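All figures in this text were calculated on a predicted structure; none of them were measured in a lab.
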Amino acid sequence: MDESISAGWEGGVLVRKKRRYLKMLVFSGKELYKRKEVLNLLKAFKERKISRIEPKISLEGALSYVDAEKIMDARGEVVRNILEELAEDGFLIRELLETRIACPQCGSLNVSLRLRCSACGSTSIKRGESIQHNKCGYIDFKTVFTVTDGLMICPKCNESIKKERGDYVEKGVLYKCLVCGEFSQNPIKEFICSRCEKNYREEDYNPFEVYGYSVNEERKEIIEIETLDLGSVVKNLRSAFWEVKTSVFLSGKSGLEHPFTMVAYRPGTDRASEETRIIVDIFFEDKSINEIPVISFFSKILDVEVKHAILLAVPSANDKAKELAKSYGISVFECGKMDEVADTLWNAIRPIVEEEASKTFMEIAGILETSQVIKNLIKEETEGSGQQLDSKPVEI
Ligand SMILES: [Zn+2]
Ligand SMILES: [Zn+2]
Ligand SMILES: [Zn+2]
C-alpha cells in the first residue's frame, strides 16, 4: 500500500518505486497519441508487424524510415518528427546507429570521394602497386617496370631488375599524379555531393547522426492503453442518455485529483449524478492483478462520490484482490484479453443502466399516477362544489 501511495502519476501510469508500474488504463490525453499516424504505429507494434524502426538511405541521399512510413501512412519529415516526439515522451528509445557524412550545402547523404594530388592539386591521379629500384631510387607502378612476363627493366636506368636478387623493394599501393608525377600514400580526399555537386574537404562536412528506434520496455503499456477503443461502451451509455467521460481526473474531497479510466452518470441534478455515478478503473498485468490496484482504487473512490465502483482486471484478479474488493464494495470483473475489454465493461455496466432506466420508468409512472390522483381530486372537488351549488342555492 505504501508503495503505491508514495508513488506519482506520470502520463496516466502510476509509477511505483523501483521503476515498476501499476498498469492502469488511463489514456494519456496527449494529442500525440490521438494522431492517426501514431495509432497506426501502435497497432503495428501490438500486432507484432514491426519490432524496431530502422532507417534507410535512398539513392537521392535522403534518410527515411521506410517501414514506419508505410505503417504510419505518412512520409519523410512528418514521420521523423513523430518518432522524435515519441522518443521525447519516453515511449521509444532512440539508438545512434552510425554517423554519416552530409553535404554542408544541401544536406544530402549521397556523397562520393575524389582524390587530389597533395603536391599540385590535380585530380588526374592513378592508383597501383608500386616498387622502387634500389640502385637508382626510381619509383613507379610495377606494371611500368614489367616488359614481358618475368622480365623487368627500370625505365630510368634501363637496367634489368629481379626480385630474387633483391633489386627492388615493394612500396605497396601508391597514388601517382599524372600531371606532376608525385607518388603519395595519402592524396587529399575531397567529398563531392551527388545532389548539388558541391565539393568539400573532410574537415568541412556535417556529421549526420542516424538513429533507429525501439519500444521502451518500461513504457510498453502505452500500446495497450492508447489503442484500446472504449467507443462502443461510450456509445451505448450515451444512447441510454448517460453522460460518460473516459480517462478523467476527478477532484476529491481532499482536494486531490484522481485519474479514472471512466466515469458515467445520469445527467440531471447533482443529487442524481452522485447517486447514479459509475466509476471504472481498468488494470492490466501480464499475469493476474494482485491487491495493490484494489487498494489504489479504493483510496481514490473514498475521496469522491460514487455509487457503483467497478474494477476491471486484465487478464484476471487473484483471490486476495477479489476478497479485498468485496470488502470494499468494489465489483471486480475479469477479462482475458485486451481486445475483449469493451465488451466485458459493457456487460458489467449494462445491468446498472437497465436498473436505473427501470427506476426512472417507475418514477415517471409514479408521477403520472400521482398526477392522476391529483386530477381525480380536483375533479371530485369541482364536481363536489358543483353539487354544493346545486344543493345550496344562493339565498339573498
Ligand atoms: Zn549537396
Ligand atoms: Zn633504375
Ligand atoms: Zn601533382
Peer 1: Show your reasoning for whether side chain to side chain contact (heavy atoms under 4.5 Å, CB included) applies to Val78 and Met72.
Peer 2: CA-CA 10 Å; Val78 175; Met72 291 160 86; over 6 Å; no
Peer 1: For the hydrophobic clusters of this structure (ILVMFWY residues joined by side-chain heavy atoms under 4.5 Å, transitively), does one cluster hold both Leu96 and Ile53?
Peer 2: yes
Peer 1: Looking at Pro259 and Asp281, what are the two nearest heavy atoms and their distance?
Peer 2: O-OD1, 4.1 Å
Peer 1: To the nearest 0.5 Å, what is the distance between NZ (Lys287) and OG (Ser316)?
Peer 2: 11.0 Å
Peer 1: Do the non-hydrogen side-chain atoms of Lys235 and Ser232 ever get within less than 4.5 Å of each other?
Peer 2: no
Peer 1: Looking at every non-hydrogen atom in both residues, tell me the closest pair between Leu39 and Lys34 and how far apart they are.
Peer 2: CD1-O, 4.2 Å
Peer 1: Going through the checks in order, is the side chain to side chain contact (heavy atoms under 4.5 Å, CB included) test met by Val353 and Leu237?
Peer 2: CA-CA 8 Å; Val353 171; Leu237 277 164; 3.7 Å; yes
Peer 1: Please determine whether residues Trp346 and Ile278 belong to a single hydrophobic cluster, defined as Ile, Leu, Val, Met, Phe, Trp and Tyr linked transitively by side-chain heavy-atom distances below 4.5 Å.
Peer 2: yes
Peer 1: So, are Glu243 and Lys245 salt-bridged, with charged N and O less than 4.0 Å apart?
Peer 2: no
Peer 1: Using a 4.5 Å cut-off on heavy atoms from C-beta on, say whether the side chain of Cys136 contacts that of Lys156.
Peer 2: yes
Peer 1: How about Leu42 and Tyr33: do any of their side-chain heavy atoms sit closer than 4.5 Å?
Peer 2: yes
Peer 1: With no hydrogens and no angle check, is any side-chain donor or acceptor of Arg201 less than 3.5 Å from a backbone partner on Lys189?
Peer 2: no
Peer 1: Does a side-chain N-to-carboxylate-O contact under 4.0 Å join Lys220 and Glu217?
Peer 2: yes
Peer 1: With Lys300 as the cation and Phe260 as the aromatic partner, state whether NZ or CZ is under 6.0 Å from the six-membered ring centre and within 45° of the axis.
Peer 2: yes
Peer 1: Determine the minimum heavy-atom distance between Arg219 and Gly90, stating which atoms define it.
Peer 2: CG-O, 3.3 Å
Peer 1: Evaluate the side-chain proximity of Ile153 to Asn158: yes if any heavy-atom separation is below 4.5 Å, no if none is.
Peer 2: yes
Peer 1: Can you tell me if Gln132 uses its side chain to pair, donor with acceptor, with the backbone of Gly137 under 3.5 Å?
Peer 2: yes
Peer 1: With no hydrogens and no angle check, do the side chains of Asp303 and Ser254 hold a donor and an acceptor under 3.5 Å apart?
Peer 2: yes
Peer 1: With rounding to the nearest 0.5 angstrom, report the CD to NZ distance, Glu129 to Lys142.
Peer 2: 6.5 Å
Peer 1: Looking at Asn110 and Ser194, would you say the former's side chain and the latter's main chain have a donor-acceptor pair under 3.5 Å?
Peer 2: no
Peer 1: When you check the gap from the basic side-chain N to the acidic O, do Arg165 and Asp167 get nearer than 4.0 Å?
Peer 2: yes
Peer 1: Check whether any side-chain heavy atom of Phe333 sits under 4.5 Å from a side-chain heavy atom of Ile310, and report yes or no.
Peer 2: yes
Peer 1: I want to check something: taking the side chain as every heavy atom from C-beta on, are Glu47 and Lys49 in contact at a cut-off of under 4.5 Å?
Peer 2: yes
Peer 1: What do the steps show when you test Val280 against Val263 for side chain to side chain contact (heavy atoms under 4.5 Å, CB included), and what is the final call?
Peer 2: CA-CA 6 Å; Val280 178; Val263 172; over 6 Å; no
Peer 1: Checking the side chain of Arg116 only, and the main-chain atoms of Ile188 only, is there a donor and an acceptor separated by less than 3.5 Å?
Peer 2: no
Peer 1: Can you confirm whether Arg127 is buried at CZ, in the sense that more than 12 heavy atoms of other residues, nucleotides or ligands lie under 6.0 Å from that atom?
Peer 2: no
Peer 1: Answer yes or no: is there a side-chain heavy-atom contact under 4.5 Å between Val38 and Leu32?
Peer 2: yes
Peer 1: List the atom pairs, with distances to 0.1 Å, where a side-chain N or O of residues 80-88 and a protein N or O form a donor-acceptor pair under 3.5 Å, not counting sequence neighbours.
Peer 2:
residue : atom : partner : partner atom : Å
Arg80   : NH1  : Leu63   : O            : 3.0
Asn81   : ND2  : Glu77   : O            : 3.4
Glu84   : OE1  : Arg94   : NH1          : 3.1
Glu84   : OE2  : Arg94   : NH1          : 2.9
Glu84   : OE2  : Tyr213  : OH           : 2.5

Peer 1: Can Ile101 be reached from Leu113 by stepping across I, L, V, M, F, W or Y side chains whose heavy atoms are under 4.5 Å apart?
Peer 2: yes
Peer 1: Determine which pairs satisfy ring pair (Phe, Tyr, Trp, His ring centres under 6.0 Å) with at least one residue from residues 144-167, sequence neighbours left out, and list them in order.
Peer 2: Tyr138-Phe145
Peer 1: When you check the side-chain N and O atoms of Thr99 and Glu209, is any donor under 3.5 Å from an acceptor?
Peer 2: no
Peer 1: Are Val210 and Leu92 grouped together when hydrophobic residues (ILVMFWY) are joined by side-chain heavy atoms under 4.5 angstrom apart?
Peer 2: yes
Peer 1: I'd like to know if the side chain of Asn290 reaches the main chain of Ile292, judged simply by a donor and an acceptor atom lying under 3.5 Å from each other, with no hydrogens or angles considered.
Peer 2: yes
Peer 1: Quick check: closest heavy atoms across Leu312 and Cys335, and the distance to 0.1 Å?
Peer 2: CD2-CB, 3.7 Å
Peer 1: Between Ser130 and Gly128 (side chain of the first, backbone of the second, donor and acceptor by atom type, cut-off under 3.5 Å), is there such a pair?
Peer 2: yes
Peer 1: Against the six-membered ring of Phe141, is Lys176 placed for a cation-pi contact (under 6.0 Å from the centre, within 45° of the normal)?
Peer 2: yes
Peer 1: Indicate yes or no for a side-chain donor-acceptor contact from Glu334 to the backbone of Ala317 under 3.5 Å, with no hydrogens or angles considered.
Peer 2: yes
Peer 1: Walk me through it: do Tyr200 and Phe191 pass the test ring pair (Phe, Tyr, Trp, His ring centres under 6.0 Å)?
Peer 2: CA-CA 5 Å; Tyr200 48 97; Phe191 298 109; 5.7 Å; yes
Peer 1: Quick check for you: to the nearest 0.5 Å, what is the distance between Cys120 atom SG and Ile125 atom CD1?
Peer 2: 7.5 Å
Peer 1: Could you check Ile301, Leu324, Val306, Ile279 and say which one makes a side chain to side chain contact (heavy atoms under 4.5 Å, CB included) with Ile330?
Peer 2: Ile301
Peer 1: Are Ile225 and Phe284 close enough that some pair of their side-chain heavy atoms sits under 4.5 Å apart?
Peer 2: yes
Peer 1: Is it true that the side chains of Lys46 and Thr227 contain a donor and an acceptor less than 3.5 Å apart?
Peer 2: yes
Peer 1: Could you go through Leu174 and Ile139, starting from their C-alpha distance and side-chain angles, then the distance that decides it, and tell me whether this counts as side chain to side chain contact (heavy atoms under 4.5 Å, CB included)?
Peer 2: CA-CA 10 Å; Leu174 290 180; Ile139 301 175; 4.1 Å; yes
Peer 1: When you measure from the side chain of Ser58 to the backbone of Ala62, do you find a donor-acceptor pair of N or O atoms at a distance under 3.5 Å?
Peer 2: yes
Peer 1: Given the rule that I, L, V, M, F, W and Y join up when any side-chain heavy atoms are under 4.5 Å apart, are Met152 and Val144 in one cluster?
Peer 2: no
